[in-house]
Amino acid sequence: MSMELVCPAGSPAAFAAALENGADAIYVGLRNHTNARAFPGLNFTPQTLQEAVRQAHARGRKVFLALNTYPMAEQMALWKESIDCGVAAGVDALILAEIALLDYAAKVHSNTPRHLSVQGSATTPQALRFFQEQFGITRAVIPRVLSLEQVERLCANSPVHIEVFAFGSLCIMVEGRCQLSSFVTGRSPNCHGVCSPAEQVHWEEHPGGERQVRLGSVLIDRFGPEEFASYPTLCKGRYQGDSQPYYALEEPVSLNTLALLPRLAQAGVVALKVEGRQRGPAYVSQVTQVWRAALDALDSGAPFTLKPEWQSRLAHVAEGKQTTLGPYHRSWQ
Amino acid sequence: MKMTLGPIPYFWKREAVHEFYEAAATWPVDVVYLGEIICSKRREMRTQDWQEVARLLRDAGKEVVFSTLSLIEAESEILALNRWVEQGGLLIEANDWSAVHCAHAHGLPFVAGASLNLYNHEALDFLQQRGMCRFVLGVDQGAGQLQALRNQFPGGAQRFPDTEVLVWGRLPLAYSARCFTARAQERSKDDCDHCCIQYPEGILLDTREELPFLCLNGIQVLSAQCCDLGPELHQLQALGVTHLRITPQPSGTGAVIERFRQGLNAATPLERQGDCNGFWYGNPGMSWVSSATPI
């Protein structure tokens with residue numbers, strides 16, 4: 001069975017780009033705080049969501065609605081209304097992380113499939129069994145922490161289908177379990193759908209061309225005049241111990257698993273997810289096209305070879321202009 | 001309110017761990033959490049060692065809880081978890097969903113660890129119905145959120161689960177597949193040579209302005225700053241918090257416990273000793289807010 005290509009869309013234009021270039025499924029969020037890319041100007045209204053579902057279904061493709069942030073006690077109503085809104089629009093699955101919402105969706109909308117979001121932080125067959133038994137999930141997106149060998153074993157023993165991240169920005173922490181952003185800025189992926197928020201980024205330029213960048217009050221990095229300056233995501237800054245400043249957590253790179261495609265397919269992974277609802281239609285077009293071509297090549301049955309053109313096109317749109325196999329490759333860990 | 005001693009987050013030599021708990025047996029804490037929560041390759045303490053420590057603490061009148069691994073990836077780690085749940089005879093602190101599943105499947109009660117993301121009353125209610133006997137408030141949650149949880153909880157204050165709050169220690173902020181300690185030594189995780197044993201308090205990281213920022217402990221990232229809710233004890237009490245958690249440190253833990261114990265019996269709030277308390281007030285966690293601030 002061929003693997004499903006799941007692409008991001010943060011706007012109707014990006015949605016059209018994903019659809020046009022061969023995504024099998026497109027995941028979207030609503031324009032509120034119920035999803036992990038709650039950026040200004042991004043995401044869908046109930047009307048644009050309905051229209052997107054209509055367009056996708058007309059072409060035999062699917063739409064998944066991500067509701068993957070954690071509501072506080074007094075916010076439950078908004079999240080539940082958002083679930084209702086997705087179901088009313090006819091989405092093909094809900095991507096959820098939080099147990100009370102999973103419980104609600106399982107009871108009230110049992111006919112709409114539920115996928116466990118990467119934010120649900122499930123890394124073992126036992127954890128997946130819990131979500132399957134309690135909420136009837138049929139698929140889980142697993143955190144970007146497992147090595148390829150571990151993904152293979154998990155697929156072999158999982159009670160539900162497994163979707164993995166294939167391309168895009170690399171969260172190096174277990175998703176759903178990182179409070180670095182809230183520690184510094186008071187805003188987090190879990191509760192606000194943002195990490196290292198842009199409104200708290202301050203660039204300072206010094207005579208001579210040196211630049212430095214802060215998130216809130218914290219100095220994340222300094223760059224020489226010729227140095228590539230990346231966005232100050234907290235886990236990709238340079239800090240110092242006894243040593244010279246270094247990328248103590250991770251370099252500014254993104255994930256690219258194109259080279260692992262045959263092994264992911266063989267492992268029984270059902271779907272490949274592309275990160276990037278915050279990116280524009282040009283990114284979505286490029287990435288969807290390349291992954292569609294690669295998956296079609298894989299499905300053709302001919303021996304799979306990586307085309308240099310694919311890699312260079314992906315490298316061109318990658319964050320930090322460098323890519324890595326990330327945790328899939330054991331030596332990264 | 002009861003006082004608890006959280007699990008040791010760092011990798012200490014076997015003798016140091018035994019010595020630490022021999023002293024802990026004499027400290028005025030009510031509950032002690034044991035076990036390795038960061039990395040299954042840390043094997044100074046064998047099962048038998050932990051059992052010995054558990055006996056010692058129980059004989060000293062402490063409630064003993066076994067705290068599970070924060071990130072489970074390997075089958076061997078699942079097998080170890082199952083063994084503890086089946087044979088340990090101890091209450092479990094579940095730090096991931098595998099442990100919740102394991103305790104629930106065996107019909108055993110459990111403490112829900114701080115990283116399970118229990119942000120609302122419905123999630124608490126759901127887990128309480130499945131064996132949760134106490135929960136540790138998430139590291140990023142504070143007074144306002146706890147108040148909302150209590151207000152909305154079905155059945156009100158009487159049914160509200162016992163609540164534990166981290167009141168002293170570095171904040172556990174993140175977990176990864178990557179070992180940051182090995183990375184700092186330019187080693188891979190598979191070839192780590194257990195180098196974290198050289199850092200009994202983790203590796204401190206400063207920003208490039210030489211301000212303390214983070215602390216690396218294997219696959220865990222902690223704050224460099226020490227959270228201190230000593231001045232907030234009266235607020236914690238008013239919000240129905242039942243358990244106060246102290247994080248072990250290589251020296252001075254006994255004095256920290258003594259300070260909080262005195263604070264519990266005193267009429268005036270404790271003076272600030274730590275560095276940060278922002279999460280309690282709904283602010284960035286690294287900030288310090290005066291305890292006179294209304295919540």
Side-chain angles (χ1 to χ4, degrees), chain A residues 70-76 97-100 103-104 120-127 129-131 134 144-147 150 153 172-174 176-180 182-186 188 190-191 212 216 218-222 235 237-241 243 245 248-250 327 330-333, chain B residues 70-75 77-78 81 96-98 100-102 104 115 117-123 125-127 130 139-140 145 148-149 151-152 171 173-180 183-184 188-190 203-211 213-214 216 221 223 278-279 282-286:
Chain A
Y70 290 83
M72 304 296 124
E74 67 279 16
Q75 296 175 316
M76 296 305 288
E98 204 271 330
I99 57 174
D103 191 43
Y104 174 79
S121 323
T123 52
T124 67
Q126 285 70 16
R129 197 157 294 128
F130 180 79
F131 288 98
Q134 301 292 331
R144 282 162 274 192
V145 298
L146 300 177
S147 67
Q150 287 168 337
R153 279 200 294 276
I172 62 158
M173 304 301 175
V174 183
R177 299 176 68 181
C178 179
Q179 299 297 343
L180 289 177
S182 52
F183 178 61
V184 172
T185 71
S188 67
N190 278 8
C191 299
Q212 59 181 32
V218 175
L219 184 69
I220 304 299
D221 210 347
R222 285 190 179 126
C235 59
R238 273 181 286 196
Y239 311 113
Q240 53 200 43
S243 56
L249 305 173
E250 176 60 308
R330 183 86 197 170
S331 66
W332 180 93
Q333 303 193 356
Chain B
S70 300
L71 172 62
I72 300 186
E73 297 172 283
E75 281 158 46
E77 295 165 350
I78 284 287
L81 169 69
D96 91 321
W97 293 104
S98 320
V100 172
H101 177 263
C102 191
H104 178 58
S115 58
N117 290 331
L118 304 176
Y119 286 104
N120 61 64
H121 55 293
E122 292 184 27
D125 184 38
F126 183 91
L127 281 192
R130 283 155 185 81
V139 67
D140 59 326
Q145 292 176 12
L149 284 172
N151 289 347
Q152 307 267 344
L171 297 163
L173 295 174
Y175 303 88
S176 176
R178 172 173 272 173
C179 176
F180 300 110
R183 178 176 172 87
S188 76
K189 188 173 167 185
D190 285 341
I203 298 176
L204 280 173
L205 284 183
D206 290 349
T207 66
R208 297 180 76 172
E209 292 177 308
E210 297 178 357
L211 295 172
F213 185 35
L214 300 173
L216 305 177
V221 180
S223 62
F279 280 138
N283 283 17
M286 68 190 295

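By convention in this document, chain letters (A, B, ...) are assigned in the order of the sequence lines, proteins followed by strands, and residues within each chain are numbered from 1. All heavy atoms count here, side chains included; hydrogens, waters and symmetry mates do not.
- Looking at B:Tyr175, the atoms closer than 4.5 Å to chain A (heavy atoms on both sides) sit in the backbone and in the side chain alike.
- For B:Leu216, the part sitting under 4.5 Å from any heavy atom of chain A is the side chain, from C-beta outward, and nothing else.
- Side-chain contact check for B:Arg130 and A:Gln134: at least one donor-acceptor pair (N or O, by modelled atom type) lies under 3.5 Å.
- Proximity to chain A (any heavy atom under 4.5 Å) is restricted, for B:Gln145, to the side chain, taken from C-beta onward.
- With a 4.5 Å cut-off on non-hydrogen atoms, B:Asp190 touches chain A through its side chain but not through its backbone.
- Among B:Ser70, B:Ser188, B:Gly282, the residue with the largest count of heavy-atom pairs under 4.5 Å with chain A is B:Ser70.
- With respect to chain A, the highest number of heavy-atom pairs below 4.5 Å among B:Leu204, B:Leu118, B:Asn117, B:Asp125 belongs to B:Asn117.
- Only the side chain of B:Glu75 comes within contact range of chain A, with heavy atoms under 4.5 Å apart.
- Rounding to the nearest 0.5 Å gives a distance of 11.0 Å between CG of B:Asp96 and CZ of A:Phe130.
- No side-chain heavy atom of B:Leu211 sits less than 4.5 Å from a side-chain heavy atom of A:Leu219.
- If you tally non-hydrogen atom pairs under 4.5 Å between each of B:His104, B:Glu122, B:Glu77, B:Glu210 and chain A, the highest count goes to B:Glu122.
- When each of A:Gly241, A:Pro71, A:Cys178, A:Pro327 is scored by its heavy-atom pairs under 4.5 Å with chain B, the top score falls to A:Pro71.
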